[in-house]
Amino acid sequence: MRIHFAWVFASILSLGLAKAAQAQGSGNNAAAKPLIYTGVTGSINASGLDDPQYVLSFLPVQSLMLQAARHALTRADIDKALEGTPVTLNRLLQLELLRKEGDIYRLNYLLLTAEDQQTMYRVCAGYGRSLAEAFRTHRAEFDQIFSHYPNAALRPQLMFDLIAGAALNWGGLDLTTELGYRIQPPHHADGSVYFVHSAEVGSQLDFKGLYLDSETAPGSNMSFSTFGDGVSSPRLQGLPDVFDGIENAMEDWKNSPDVYAALRSEYISLFLMAIDDAGQVMNAVADGTSTDAALAERVSIPEERRKAVVRLLKAIGYLGEADHHYSVGVPVLTPGDKPLVDATLKLSREIMTDWIRRNYPTMKDALSGLSPMRNGVPFSLAFSEVWHYEFGFATKFLAESGFYANPRAPGTRYEGYVPLVWASSVLKGPGN
């Protein structure tokens with residue numbers, strides 16, 4: 001996961017583990033290659049030694065956690081490993097990274113070793129294929145639902161966006177939490193609500209074609225998302241990623257904090273204005289407004305800004321132009337499409353609910369040997385990552401079978417992802 005400005009909702013979990021939340025350590029630690037990558041689900045208010053991400057940025061701590069994943073530790077093991085760091089055993093217990101059982105200490109959070117990740121990948125591939133088949137049996141119903149979308153050429157892309165993205169990704173995470181299979185982030189004494197998770201570096205798994213990532217820029221009326229695999233990032237012909245260069249433009253001001261903060265705020269304001277401008281134009285064109293003169297009458301954007309955003313949308317393929325008439329080049333959901341969206345999500349939820357209830361016991365048994373489970377960590381804590389693997393494989397198999405658009409098909413403009421522009425009133429976005 002790449003870090004965007006605060007305006008971007010980050011639903012991209014990239015297996016929930018790919019984000020390196022490596023805080024600055026000390027000495028050679030910051031420059032050395034990490035042994036594990038760490039992220040959080042939820043939000044942390046703490047900093048420094050009260051932040052588990054910071055504590056887990058120290059290489060000796062990372063090494064100790066990997067040892068704990070494989071066997072119980074003694075006090076002597078821990079004290080020796082922590083020499084030369086500001087981290088103590090009490091701190092690891094306080095942050096619930098380790099727990100005490102008699103005279104030994106065990107891993108107490110979600111850390112997946114390379115072997116764990118390889119096991120999950122192998123097991124979840126089979127379950128992902130099964131989940132894909134559950135959707136395929138309802139192909140006729142989905143075709144009927146999407147026949148109501150007026151732009152027939154874009155129906156396969158819209159099916160991908162709503163089924164792979166909004167249903168399996170966003171909706172599936174909500175559903176598995178509601179059903180009690182996926183744990184809610186716990187509340188901590190400082191008011192933070194989170195759980196921490198890590199993954200050992202070096203699993204060497206191929207995630208190309210597992211469409212389990214999304215990025216969203218929320219607008220006041222229209223929002224912009226891309227759904228795709230992690231390999232496709234940065235998605236520089238998609239919104240919001242096309243604006244990623246803004247972050248690089250600020251680099252030279254990092255040593256001037258006041259200027260940097262003010263400049264960042266200004267860029268965010270300009271970005272949000274550009275997103276709303278783009279949303280107005282896409283909504284208008286989707287609604288049949290196809291010429292410059294008609295756009296000038298329809299949208300409340302000054303002429304120079306309107307021309308600039310139209311030029312950008314044409315350059316990245318969101319708008320097409322023929323004989324001085326515009327057309328949409330990517331799926332756009334307007335308020336009138338809400339019945340289609342609701343029907344898609346309802347059918348998808350029914351399929352997922354039935355499938356999860358039937359398969360959860362066997363998948364839990366198949367993954368009971370993962371190191372967190374061996375250390376007494378509940379499977380519900382690992383299920384978020386398990387679900388990402390499973391629906392990731394399901395999206396891959398559905399794409400390859402022709403069920404909906406295949407972002408990895410030869411000649412696809414948006415390689416590895418599919419854009420979506422959507423009225424903020426018709427869809428529940430990530431984190432909402």
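Residues: numbered from 1 along the sequence shown. Please read these numbers as outputs of a predicted model, since none were measured by experiment.
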Measuring from atom CG of Leu420 to atom CG of Leu333, what distance do you get when rounded to the nearest 0.5 angstrom? 5.0 Å
Taking the side chain as everything from C-beta on, heavy atoms only, tell me whether Arg122 gets closer than 4.5 Å to Leu205. no
Ring-face cation of Arg129 near Phe397 (centre distance under 6.0 Å, axis angle within 45°): yes
Keeping the roles fixed (side chain from Asp354, backbone from Glu350), state whether a donor-acceptor pair exists under 3.5 Å. no
Do Tyr109 and Ser198 meet the criterion of a side-chain donor-acceptor pair at a distance under 3.5 Å? yes
Note, Phe146 side chain near Leu162 side chain (heavy atom, < 4.5 Å): yes
Look at the side chain of Gln118 and the backbone N and O of Ser203, then say whether any donor-acceptor pair between them is shorter than 3.5 Å. yes
Donor-acceptor contact below 3.5 Å, side chain Ser348 vs main chain Thr344: yes
Main chain of Trp355, side chain of Asn359: is a donor-acceptor contact present, judged purely on distance under 3.5 Å? yes
How close do Leu381 and Val377 get, counting heavy atoms only, and between which atoms? CD2-CG1, 3.5 Å
Are Glu178 and Arg349 within salt-bridge range, i.e. N to O under 4.0 Å? yes
Does the pair Asp229 and Lys396 meet the rule for a salt bridge (charged side-chain N to carboxylate O under 4.0 Å, His left out), with working shown? CA-CA 9 Å; Asp229 59 26; Lys396 174 182 173 69; over 6 Å; no
Could you check whether Tyr360 and Phe379 have their ring centres less than 6.0 Å apart? yes
If you define the side chain from C-beta out and look only at heavy atoms, does anything of Met120 sit under 4.5 Å from Glu385? yes
I'd like to know whether Arg91 forms a side chain to side chain contact (heavy atoms under 4.5 Å, CB included) with Asp50, so could you lay out the CA-CA distance, the side-chain angles of the two residues, the decisive distance to 0.1 Å, and finally the verdict. CA-CA 8 Å; Arg91 180 67 58 179; Asp50 291 323; 2.6 Å; yes
Could you check whether any side-chain heavy atom of Gln237 comes within less than 4.5 Å of a side-chain heavy atom of Val242, counting everything from C-beta outward? no
Please state whether the rings of Phe135 and Phe142 are parallel, tilted or perpendicular, taking 30° and 60° as the class boundaries. parallel
When rounded to the nearest 0.5 angstrom, what is the spacing between CD1 in Ile163 and CD1 in Ile351? 7.5 Å
Any luck finding a side-chain donor-acceptor pair between Tyr127 and Thr362 under 3.5 Å? yes
Would you kindly check if the NZ (Lys) or CZ (Arg) of Arg235 is within the cone defined by 45 degrees around the ring axis of Tyr414 and under 6.0 Å from the six-membered ring centre? no
Determine, for Arg155 against Asp143, whether the closest basic-nitrogen to carboxylate-oxygen distance falls under 4.0 angstrom. no
Has the side chain of Gln53 got a donor or acceptor atom that lies under 3.5 Å from a matching backbone atom of Gly39? no
To the nearest 0.5 Å, atom CE of Met363 lies from atom OH of Tyr181 at 8.5 Å
State whether the number of non-hydrogen atoms from other residues, nucleotides or ligands found under 6.0 Å of Asn255 atom CG is greater than 12. no
Modelled atom types, side-chain donor and acceptor of His325 and Thr291, under 3.5 Å: no
Would you give the length of the straight line joining atom CD of Gln62 to atom OH of Tyr37, rounded to the nearest 0.5 angstrom? 9.5 Å
Is there a side-chain contact between Pro52 and Ile44, using heavy atoms and a 4.5 Å cut-off? yes
What are the two closest heavy atoms between Pro335 and Asn283, and how far apart are they? CD-OD1, 4.5 Å
Can you tell me which residue among Phe224, Phe271, Tyr267 is in a ring-ring contact (aromatic ring centres under 6.0 Å, His included) with Phe243? Phe271
Quick check against the 3.5 Å criterion: does Asp213 have a side-chain atom that pairs as donor or acceptor with the backbone of Gly228? no
Of the options Val55, Leu110, Leu56, which is the one that meets Val196 in a side chain to side chain contact (heavy atoms under 4.5 Å, CB included)? Leu56
Test side chain to side chain contact (heavy atoms under 4.5 Å, CB included) on Glu415 and Ser232 and set out the steps. CA-CA 7 Å; Glu415 189 175 355; Ser232 64; over 6 Å; no
Crowded around His187 NE2? As in, over 12 foreign heavy atoms under 6.0 Å? no
Closer than 3.5 angstrom, by distance alone: can the side chain of Glu215 be matched with the main-chain N or O of Pro240 as a donor-acceptor pair? no
Flag, side chain of Gln157 to backbone of Pro419, donor-acceptor distance under 3.5 Å: no
Test side-chain hydrogen bond (donor to acceptor under 3.5 Å, both in side chains) applied to Arg136 and Ser401, step by step: CA-CA 9 Å; Arg136 282 172 54 82; Ser401 72; 3.1 Å; yes
Between the main-chain N or O of Leu59 and the side-chain N or O of Ser63, is there a donor-acceptor pair closer than 3.5 Å? no
Would you say the side chains of Tyr326 and Asp292 form a donor-acceptor pair under 3.5 Å? yes
Between Tyr404 and Leu398, does the side chain to side chain contact (heavy atoms under 4.5 Å, CB included) criterion hold? Intermediate values first, please. CA-CA 7 Å; Tyr404 46 43; Leu398 288 171; 3.4 Å; yes
Using a strict threshold of under 4.0 Å (side-chain N to carboxylate O), is an ion pair present between Arg298 and Asp287? yes
Are the side chains of Leu92 and Val61 in touch, meaning some heavy atoms are under 4.5 Å apart? yes
side-chain hydrogen bond (donor to acceptor under 3.5 Å, both in side chains) between His138 and Glu141: does it pass, once the steps are laid out? CA-CA 5 Å; His138 294 269; Glu141 294 163 79; 2.6 Å; yes
Does the ring centre of His188 sit less than 6.0 Å away from the ring centre of Tyr194? yes
For the residue pair Asp241 and Leu236, what are the closest heavy atoms and their distance? O-CD2, 3.4 Å
What's the shortest heavy-atom distance between Asn406 and Thr412, and which atoms? O-OG1, 3.6 Å
Check for a donor-acceptor pair, side chain of Thr289 on one end and backbone N or O of Ala294 on the other, with a separation under 3.5 Å. no
To the nearest 0.5 angstrom, please state how far the CG atom of Leu427 sits from the OG atom of Ser225. 7.5 Å
Going by heavy atoms in the side chains, are Ser371 and Arg374 under 4.5 Å from each other? yes
With a 6.0 Å cut-off on ring centres, are Tyr121 and Phe207 close enough? yes
Determine the interplanar angle of the Phe391 and Trp387 rings, folded into 0 to 90°, and report it as parallel if under 30°, tilted if 30 to 60°, perpendicular if over 60°. tilted
Is there a side-chain contact between Ser130 and Glu133 (heavy atoms, below 4.5 Å)? no
Measuring centre to centre across the rings, with the benzene-like ring taken for any Trp, is Phe227 within less than 6.0 Å of Trp170? yes
Inter-residue atom distance Asp206.CG - Lys208.NZ, 0.5 Å rounding: 7.5 Å
Please determine whether side chain to side chain contact (heavy atoms under 4.5 Å, CB included) holds for the pair Leu239 and Thr226, giving the CA-CA distance in whole Å, both sets of side-chain angles, and the decisive distance to 0.1 Å. CA-CA 7 Å; Leu239 283 162; Thr226 58; over 6 Å; no
Please tell me whether Tyr211 and Phe160 form a close aromatic pair, meaning their ring centres lie under 6.0 Å apart. yes
